[in-house]
Amino acid sequence: DVEAVYLGPDGVLDGARPGSVLVDMTTSSPALARRIAEAASAKGVEVLDAPVSGGPAGAEGAALSIMIGGPDDTLARVRPLRERMGRTIVHHGPAGAGQAAKIANQIAVGGSMLAICEAFLSAKAAGLDPERVLETLGHNRDDEVVAHETDALQRVADERADACAVLNRFPQYVAGR
């Protein structure tokens, strides 16, 4: 748990030297990010909350989106390191703001995935072939969200899954599951 790792006995803050910078790239809560920043400040340690989006492919290709909360001058100290990890680095405000931006990001991603799954259920109910619907959605390049999400759905279609299997593969995006 992030809180125990940072704030617990023998945690990261116990071993951090004054003047050092800690960059928390986990996804947690804005309130926890603020508590960590307050505890760190009391020890003369600087902290940024910097959750990421982009998945394994973004990490491997140094193409992550990094949402940062914390002081501007702290970000300036570590920006060259962040730039080696991500293409999109956005400072959203004080401690906790990076985590709040990540929440907004997840709402958008989850909502778009749910919308695509609903589209597949609607297509199936109308008797359409889910793979052909996927082909149509994948060529809708006016909507980058659809284009991005269809990459994940293409893997499902490649496994010859139907619309119900699509929902079962992504239960974290389906309300009530």
Side-chain angles (χ1 to χ4, degrees), residues 1-7 12 21-40 46-122 134 137-157 163 166-177:
D1 157 85
V2 175
E3 186 166 20
V5 168
Y6 273 90
L7 303 176
V12 172
V21 176
L22 305 176
V23 181
D24 178 10
M25 298 185 78
T26 65
T27 298
S28 63
S29 75
L32 177 57
R34 288 188 294 271
R35 283 196 307 274
I36 291 169
E38 288 170 14
E46 300 174 57
V47 175
L48 296 173
D49 53 292
V52 300
S53 181
E60 291 168 8
L64 293 169
S65 292
I66 307 172
M67 298 150 266
I68 299 179
D72 285 323
D73 57 334
T74 304
L75 174 56
R77 287 180 61 194
V78 300
R79 184 174 279 281
L81 295 173
R82 301 299 95 196
E83 289 172 347
R84 294 183 64 90
M85 293 185 226
R87 289 190 188 142
T88 304
I89 301 165
V90 180
H91 183 243
H92 289 278
Q99 297 296 346
K102 177 67 181 231
I103 290 169
N105 179 76
Q106 293 306 99
I107 291 168
V109 169
S112 65
M113 182 62 76
L114 180 59
I116 290 170
C117 290
E118 289 293 333
F120 275 86
L121 287 175
S122 174
L134 177 67
L137 291 175
H139 287 89
N140 182 2
R141 298 298 180 200
D142 291 337
D143 185 347
E144 289 185 25
V145 172
V146 170
H148 173 72
E149 297 301 337
T150 55
D151 289 343
L153 293 173
Q154 182 65 56
R155 291 189 296 275
V156 175
V166 170
L167 285 175
N168 289 333
R169 287 286 303 271
F170 301 99
Q172 67 270 34
Y173 298 114
V174 180
R177 289 197 179 186

Inset, instruction - Could you tell me whether the side chain of Leu75 reaches within less than 4.5 Å of the side chain of Asp73, counting heavy atoms only? - result: no
Inset, instruction - Work out which heavy atom in Ser53 is nearest to a heavy atom in Asn105; give both atom names and the distance. - result: OG-ND2, 3.4 Å
Inset, instruction - Compare all side-chain heavy atoms of Ile103 with those of Pro30 and state whether any distance is below 4.5 angstrom. - result: yes
Legend entry - Heavy-atom side-chain proximity of Met67 to His91 below 4.5 angstrom: no
Inset, instruction - Would you name the heavy atoms of Val47 and Ala37 that are closest together and state the gap between them? - result: CB-CA, 4.3 Å
Legend entry - Ile66 side chain near Val90 side chain, heavy-atom distance below 4.5 Å: no
Inset, instruction - Please check if the side chain of Gln99 supplies one atom and the backbone of Ser29 the other of a donor-acceptor pair under 3.5 Å. - result: no
Inset, instruction - Output the distance between atom CD (Glu83) and atom CZ (Arg79), rounded to the nearest 0.5 Å. - result: 5.5 Å
Inset, instruction - Of all the heavy-atom pairs spanning Gly61 and Arg87, show the shortest one and how long it is. - result: O-NH2, 4.2 Å
Inset, instruction - Report the distance from atom CG of Leu48 to atom CE of Met25, rounding to the nearest 0.5 Å. - result: 10.0 Å
Legend entry - Sub-4.5 Å side-chain heavy-atom contact between Leu32 and Tyr6: no
Legend entry - Separation of Met85 CE from Arg82 CZ (nearest 0.5 Å): 3.5 Å
Legend entry - Donor-acceptor pair, side chain of Lys102 and main chain of Val52, under 3.5 angstrom: yes
Legend entry - pair Ile68-His92: side-chain heavy atoms closer than 4.5 Å: no
Legend entry - Ile36 side chain reached by Val2 side chain, heavy atoms, under 4.5 Å: yes
Inset, instruction - Could you tell me whether a side-chain N or O of Asp49 sits under 3.5 Å from a main-chain N or O of Asp24, the two making a donor and an acceptor? - result: no
